[in-house]
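First the structure, in the form of structure tokens, and then the observations on it.
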Number of protein chains: 2
Amino acid sequence: MPKQVDYESRRRRIAEAVCLLADEHGPEGVSMRDVAARAQVSLGAVQRCFRSKEEMLLFAVDHVGGRITQRVRNRVAASPAQSAATALGHAADEIALLREEHRAEARIWLAFVAQAAVSEPLTGPLRTSYAALQDLLTRLIAEATESVPADEDAAPLDPQREARALLALADGLTTHVLVGHLTAEGAEEVLHAHLVGLWERLGTARPGKAV
Amino acid sequence: MPKQVDYESRRRRIAEAVCLLADEHGPEGVSMRDVAARAQVSLGAVQRCFRSKEEMLLFAVDHVGGRITQRVRNRVAASPAQSAATALGHAADEIALLREEHRAEARIWLAFVAQAAVSEPLTGPLRTSYAALQDLLTRLIAEATESVPADEDAAPLDPQREARALLALADGLTTHVLVGHLTAEGAEEVLHAHLVGLWERLGTARPGKAV
DNA sequence: CCGGAAGCGATACGATCGTATTGGAATAAG
DNA sequence: CTTATTCCAATACGATCGTATCGCTTCCGG
């Protein structure tokens with residue numbers, strides 16, 4: 001058998017190039033040729049890695065989704081183990097992608113989401129990532145709920161519903177920052193206020209530091 | 001002087017065609033030729049109405065933004081005058097575009113938002129619409145706050161911040177429905193729960209019917 | 001009533017797209 | 001060493017894009 005190449009690492013490299021270009025020129029604005037140039041491979045190499053452009057985009061969205069999810073998980077794991085509420089704050093903050101260094105990732109994500117709303121096969125990886133994040137948030141909220149000494153009379157708090165709200169809020173805030181309707185600071189303030197409200201409903205005292 | 005045509009009405013017709021196509025094939029997926037065919041005019045006519053494609057898209061996004069904003073305003077105006085809280089619920093519900101008949105509008109909006117995150121000149125009309133909606137929500141929340149008999153000790157509720165949160169949540173929920181992460185019913189439930197929480201913090205009794 | 005400006009549809013043009021194909025370089029098996 | 005197979009870069013191809021241009025029609029002003 002002749003030559004052997006590591007397709008997996010090349011695919012990842014190409015996915016990175018896709019992300020860079022999607023950040024600059026939008027989702028449909030990335031061409032196979034530009035991707036090849038960015039990844040420093042030939043057009044033919046890209047074609048051998050992916051049978052079609054759609055397959056390439058699908059891999060790329062999965063790649064970036066996995067990266068974001070993993071970073072959130074890492075942040076949660078690095079949080080103080082005894083305080084699920086603090087971890088929750090960190091997770092939400094990480095999901096919102098508000099910091100300047102993640103602006104590119106946010107643009108990429110938005111680009112793929114918009115594409116998926118119309119292209120259908122792209123919804124798969126996207127849903128996977130959203131489901132993973134929602135599950136993580138749900139778990140953290142449930143954990144924080146249990147940690148509060150005892151249930152009072154009121155507050156029928158549904159962890160899954162709260163997780164969905166938090167995820168949607170973070171996503172919406174990110175979008176509004178991207179189009180310039182909000183500043184990153186304004187969005188962060190809104191997110192923070194929502195978390196404070198959530199903690200109050202949990203009956204948990206507000207953790208000392210939440211960003 | 002020779003012929004005279006009503007450019008304004010033609011522009012609107014073309015904008016409608018742009019929306020239909022953006023709903024079907026995404027933002028960048030609309031071509032001048034397809035637009036012309038949909039609007040039942042010649043390609044040349046489209047070119048005479050808009051100097052470039054970007055100008056056409058800009059007009060279209062302004063068109064749909066204005067339409068959405070107007071519908072929300074109408075809904076608010078049709079709400080019982082004495083209950084700002086009820087009007088707020090209606091407004092939020094209308095903004096979220098969750099009903100099936102507005103799915104197309106939601107897709108169009110998302111398409112333009114994604115485009116704007118990368119194209120810059122499109123952010124103008126988009127920001128205008130977002131600002132209008134946020135102002136409306138802010139006013140309704142402030143109104144509802146004042147209507148509550150007296151301020152207790154706590155609750156330093158910031159109407160603008162709450163409006164931003166509500167707008168971002170509605171936007172995020174719409175997006176999540178579009179990509180299939182949530183069902184319309186699930187999103188509605190989350191939105192409803194958020195509104196209930198908001199009303200409680202307002203000190204207002206929950207209005208009788210909220211959707 | 002008639003000359004010319006404005007609108008019209010059609011077509012042309014250059015660029016760029018995704019994909020297919022091709023001929024040669026590289027390599028492991030025989 | 002030979003040979004068959006895999007990889008490679010480059011180029012070709014057909015389609016489609018946005019835009020420019022061109023005769024022809026239409027209709028108001030003088």
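Below, read A as the first sequence line, B as the second, and so on, with proteins coming before strands; counting in each chain starts at 1.
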Do A:Glu8 and A:Arg13 meet the salt-bridge criterion of a basic N to acidic O distance under 4.0 Å?
no

Closest to the B:Lys53 side chain, choosing from D:dG18, C:dG7, D:dC17
D:dG18

Give the nucleotide from the list D:dA9, C:dA20, D:dT19 with an atom nearest to the side chain of A:Gln47.
C:dA20

Rounded to the Å, how far apart are [X] [atom1] and [N] [atom2]?
| X | N | atom1 | atom2 | answer |
| --- | --- | --- | --- | --- |
| B:Leu43 | D:dT21 | CG | C1' | 12 Å |
| B:Met56 | D:dC17 | CE | C1' | 12 Å |
| A:Glu28 | D:dG18 | CD | P | 12 Å |
| A:Arg33 | C:dG18 | CZ | P | 7 Å |
| B:Leu21 | D:dG18 | CG | P | 11 Å |
| A:Arg48 | C:dG18 | CZ | C1' | 16 Å |
| B:Gln40 | C:dG9 | CD | P | 12 Å |
| B:Arg11 | C:dG7 | CZ | P | 11 Å |

Closest non-hydrogen atom pair between B:Ala91 and B:Leu137, with its separation:
CB-CD2, 4.0 Å

When every non-hydrogen atom of B:Ala163 is compared with those of B:Gln134, the smallest separation belongs to CB-O, 3.8 Å

Counting the atoms with a prime plus P, OP1 and OP2 as sugar-phosphate, which does [X] contact under 4.0 Å by heavy atoms, base, sugar-phosphate, or nothing?
| X | answer |
| --- | --- |
| B:Arg10 | sugar-phosphate |
| B:Ser31 | sugar-phosphate |
| B:Phe50 | nothing |
| A:Val30 | sugar-phosphate |

For a side chain to side chain contact (heavy atoms under 4.5 Å, CB included) with A:Arg38, tell me which candidate from A:Arg33, A:Glu16, A:Glu24 qualifies.
A:Glu24

How are the rings of B:Trp109 and B:Tyr130 set relative to one another: parallel (under 30°), tilted (30 to 60°) or perpendicular (over 60°)?
perpendicular

